[in-house]
Every structure is written in structure tokens, then in C-alpha cells.
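Reviewing the structure listed below.
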Protein chains: 2
Amino acid sequence: MQVSLPALKAFESAARLGSFKAAAAELSISPTAVSHHITNLEQRLNVSLFRRETRKVILTAPGRELAVATSQGFQTINTALEDISRNDKQIKVATTSSFAALALLPALQRYYEQYPHSKVNITSGEEINTDHFSLSVRLGALAEQADGDVLIRERFNLYGNARLTTQLDQTSPITIYTTRWKNSALPEVPLQAWLNHNDLSYRQFEVRYFDQELFGIQQALLENACVFCSTTLTRDYVKAGLLTESGYPPIDSALCYYIENKDSLITRHNVMFIEWLGELLKQH
Amino acid sequence: MQVSLPALKAFESAARLGSFKAAAAELSISPTAVSHHITNLEQRLNVSLFRRETRKVILTAPGRELAVATSQGFQTINTALEDISRNDKQIKVATTSSFAALALLPALQRYYEQYPHSKVNITSGEEINTDHFSLSVRLGALAEQADGDVLIRERFNLYGNARLTTQLDQTSPITIYTTRWKNSALPEVPLQAWLNHNDLSYRQFEVRYFDQELFGIQQALLENACVFCSTTLTRDYVKAGLLTESGYPPIDSALCYYIENKDSLITRHNVMFIEWLGELLKQH
DNA sequence: TTTACAGATGAGTAAAACTCATCTATTTTG
DNA sequence: CAAAATAGATGAGTTTTACTCATCTGTAAA
């Protein structure tokens, strides 16, 4: 069926509006072009699609049939195009509560300063994202991720307020908050390794667990207690003087933040955002 | 959303076939053209639609979304185009049993001689036709039809075999078959007027009724009786010597054959057929 | 290693889509 | 009732788009 699609579009518009002139206006072309298109269609299909009356055109029976189909067909396509376009205009990020609250949201102000016309929509929560257009920033096993997807390898250290962290060698037990993931497939927080590395012992501490890093960090702030957690998440608090990093060096973990579905989402805005995020996390 | 429709078509094909090369073959264009189209689409939409891997392309998430929509949309349009095309290739005529059996079907052989590549499909019956593409040849009130739709005004006369029609003035009653329409809105067969006009009286005849002219004509043939009916329907039988027209002149009726939905069905084949039908019926 | 293959890229060409000027047949208006 | 206005048709000429060809790249199979 060799009919030209622009001709079908012209027909669809003319059929819907009941006028070649109106269709021409809608399509930003001349009424002559519409007339040519429809004549062309009629010749190729070998049917008259409109009955011409003075100052108006009326669909014939085959015309009506085709009008219904083109109208529906182009509508379907157009809806998808608009959906893609709409989703492209705003950046959607799905991530964990901890990363959102402690890394992403506090930095977002700077992103808007750099790209004032962007709209970023951040969703946190563990539920798997079904939206085709969301970037998923997730915490996972470093070994399982493709190199290109990894944003940053996670390092851990002990944090507290100034007074507490200088008293680590005290005899009285100190409370340490840390994280035990709900998802057991995830590599553990390297508290044991960190203690071993620094010749420390569990016995000096009372270790308490949350299933999200955010909670431990907040609890430590509230109680002036310690928290063993990611350097990424504490950076802003350390800068603000609310937390102090222990005198011991941080330890590498088997964890990383990565972008789950990177290559399915290459829009210009997403690429920009991913780049910015990479830069943000590298600033150590 | 200013994307080119040929580009969308190329995308649809490539998405469905999973290959630019295959899409190119399907569309009878070069693979280069497909590549250009898709690059163009991706730039305008600002999303990557395919992930390129060696020797194959894989849809991204937005690509999949668009593919579903384009596939469905073009399918809808294409189905309608094919339907129109298919219906255009054959001429469909819906008419009464009488007209089909006595006028149309016997003459069809000559139509095929004139237009050997035509396919004519004739449906008879009283049920109203729902097919958008059928020509309806119907018997109706002359006064109610637009001039352009009328094929022929119906005239009536008495028919029988040679012996019977010469004996009309006999004293013994003669049987006359004629028609009383099921549809009471239709003007009556002008038997009374014909009798009056020729100074004849009902008393000379035994009048019997069928609801279709065809039945009366066939009964007259079988019984060597008379039938008062349309000149259009008897023409072939008269020519063949099976029926003889009475010595009295035919009478005009308020009936006509007309084409019900003429201007909704202007395909080239239909136009040809309508013209031929007009000529056929004019030959008196 | 060579060959083959799918697609990318850029420049030039062929083919549409489109516009303009002109014309027709109404319909509206002064 | 004539003049103007309107929607569309038509044909010639122009612009834009779609397309091809030649060339190139990266990868997989021979």
C-alpha cells in the first residue's frame, strides 16, 4: 500500500476538522498542499474520500472508515511521542532513602544553580521501579556491576562528635550504630574488617543495628553516639561540623553506588545528570 | 512534536525486525536511509531509541515504548487502507431478488466481456445493507429520489404467451399475477390505472398477488398465465420469446430503480459499473 | 589474520512536499 | 442583483526532505 504518510496525516487532520483550510492551518502548510495531498491519496487508493461541496467537504463512506483509522493510529503514536518528550524534560531518579537524604537532596541546590531549567524528581524507597524513564541509583555489590555503571566505591569509617571520637580507647563501652542490610545478598558493612585493621575489639563497643544507614547516622547525631557508615553519606555533616571522622583511616568495602539501567536511558538531560553525579561523588 | 512520519515508519520497521538492514529491505530503501531516519528521530526526541551492538541493535526503554505505539498505530491505519483497497477491487451490489435474477445477473456476462478484470459480487435480499462498500440498487418512490440517483423510471405492462395475450377480450376470466409490496410505503403497481386507461375491467380477470415481481413472472411462465409487471424485468424474456408484451401500451409508474448511496462510493470501478448499468437499463 | 557484516557518516542527488498564481463555483454582503 | 468573499482545484516552479553512494568503524566469524 504505497501511500505517503504526510498525505495520510493531512487527510486525518482534514477529516477531523472537516476543512482543508483548517487542516492546513493545523499542519502549518498551505491549503493547496492539503488539497494536493488528498487528491494524491484518492488517486492512489482509487476512491473518493471527500465529497466536495461549496465551502465544505464531506467524508464519503470509505473516507469515514479511513478517518477513524488514521485518527486512532496517529493518536496512539502521538501519545507515545508526547510521553517520551515529557519524560525527557524532567530527570527522574529513584534511589535509597539514605542516599537521597544525605547525598542527593542536599546537593540538588547546586545542580539547579548549574542547570536552572532542569527539573529533577527524586523518589526514594526500596520498591523496584517500574517507570521506564527513571534512573535508578542503587547500592550494590561492586563485583556484580559493569565498570561503566559504577558511580563510586563505598568506603566506611567511624563517625561521632569531636569528644566521642577522641575517646575511643576509653575503657567504658561506647555505642556504635551501624547497618545490617535487609537484603542479605548485599555485602556486609565492613565493621569487623575495620576493627581488625585498627587493632580494635568489639568488646570496647556496644554495636546496634538499623537496616538503613540514614537511621544510624541520625541516631548518632541525636545521642552524640558513634556511627560506622559510608564516607559518601557523612561528607556534608562532616563539612558542617556536625560529625567528625575518626582518627583511623576509612576502609574500602565491597559495596558501590551504581546506575542500574544506564544505557536504556540516554537522554541529554540524563547524561548531564549522571555526569554531574559522578563529579559530585568524586569530590573527596 | 515535529518528527517525520517516514522516520517513524522506518523506526517501526527496524524495531519490529530488530535490524536496520531488514527494515531497509522491507521498505525498499537503503540501510543508510534507515540509519539516517533513526538518528534523526533520536536527535529530535532527544533520546536514544536503540542501543547499538555489533551486528545488532537493541531497543532501549523509550524505544520499546515508541515501538509498541508505532507498531499499533501503523497497523490500525494499514488495516483500513487494505480494507479500502480490497473493497475497491471488487464491485459489490446489493439489490432485490427480482432485479438481480431478471435484469442484473443475465446481463452480467456482457459486463465481464467489457471489463474482463472486474469482479462483481451481487447480493439480493431485503435486509438493509451494512457494508460501507456496497452499491444498493433499490426499488423506490420516484418522487423521493434525487434525480442523479435514479437509474430508470419503472413502466408496467401485461405479459403472457402469444396466445393468451391476444385473447384478452374473451369472456372467460383470465388469471393475472401481479405484485403487492411487503413495504406499504412503496407506490403500488399501477394495475388499476392500466386497466382504466385501456378500458378494461377487473371482472375480466382473476388477479393474484405475490410480494415479489420475480415470483409472479415465474408463475406466469409455468402456468402460461399473465403477469402485470415491470418492463425492465421482462425485457430479456420478451427478447427470448418466452413472454409477449400485451398489445396495450405500457404505463408509467411512480416507482423507479435508484442507487441508494451513490456519492459515498465513488471508486473507479463503481463509477464504471453505475455507468454501464445506466446504459443497460436505457436500452429500450 | 583475513574476511565479512551491520551500521555510521558526509556529500551529493532524486523525489517528495510545498508554495504561488490563477481559476471555478458557489455564497454572502452591500 | 452585482460585487466581494470564500473554499477548494489546478499547474508550474521552488524548497525541503528523503534517499543513495562512497567511505569508514568496530566486531565477529572463517
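Residue numbers begin at 1 in each chain, while the letters A, B, ... track the order of the sequences. Small disclaimer: the values here were computed from a predicted structure and weren't measured. Only heavy atoms go into these numbers, but all of them, side chains included; no hydrogens, no water, no symmetry mates.
- Listed for the B:T70 side chain is no donor-acceptor partner under 3.5 Å among the backbone atoms of B:L8.
- If you check the side chains of A:S253 and A:E154, you find no donor sitting under 3.5 Å from an acceptor.
- The backbone N or O of A:F50 lies less than 3.5 Å from a partner atom in the side chain of A:R52, making a donor-acceptor pair.
- Residues from residues 23-36 of chain A lying near DNA chain D, meaning a heavy-atom separation below 4.0 Å, are A:T32, A:S35, A:H36 in numerical order.
- The distance from atom CG of B:N40 to atom C1' of C:dG10 is 15 Å, rounded to the nearest whole Å.
- A distance-only check finds no donor-acceptor pair linking the side chain of B:S136 to the backbone of B:R138 [under 3.5 Å].
- Side-chain nitrogen and oxygen atoms of B:T54 include none within less than 4.0 Å of the OP1 or OP2 phosphate oxygen of C:dA6.
- Per the geometry, CG belonging to B:L5 stands 10 Å off P belonging to C:dC18, to the nearest Å.
- Taking side-chain N and O atoms only, B:K21 has a distance below 4.0 Å to OP1 or OP2 of C:dA6.
- What separates CZ of A:F20 from C1' of C:dA25 is a distance of 15 Å, to the nearest Å.
- The separation between A:R51 atom CZ and D:dA7 atom C1' is 16 Å, rounded to whole Å.
- Protein atom CD of A:Q43 is 12 Å distant from nucleotide atom C1' of D:dT10, rounded to whole Å.
- In this structure, B:L8 atom CG and D:dA18 atom P are separated by 10 Å, rounded to whole Å.
- With a 4.5 Å cut-off on side-chain heavy atoms, B:R110 and B:L280 count as touching.
- Checking side-chain atoms of A:S13 against main-chain N and O of A:K9 turns up no donor-acceptor pair under 3.5 Å.
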Quiz item: Does the pair B:F273 and B:Y111 meet the rule for a ring pair (Phe, Tyr, Trp, His ring centres under 6.0 Å), with working shown?
Solution: CA-CA 8 Å; B:F273 187 80; B:Y111 187 79; 5.2 Å; yes
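- With rounding to whole Å, A:K56 atom NZ is found 12 Å from C:dT27 atom C1'.
- Proximity of B:R52 to the phosphate of C:dA8: a side-chain N or O atom is located under 4.0 Å from OP1 or OP2.
- Atom CD1 of A:I58 is separated from atom P of D:dG8 by 11 Å (rounded to the nearest Å).
- A donor and an acceptor atom never sit less than 3.5 Å apart when one is taken from the side chain of B:R55 and the other from the base of D:dA29.
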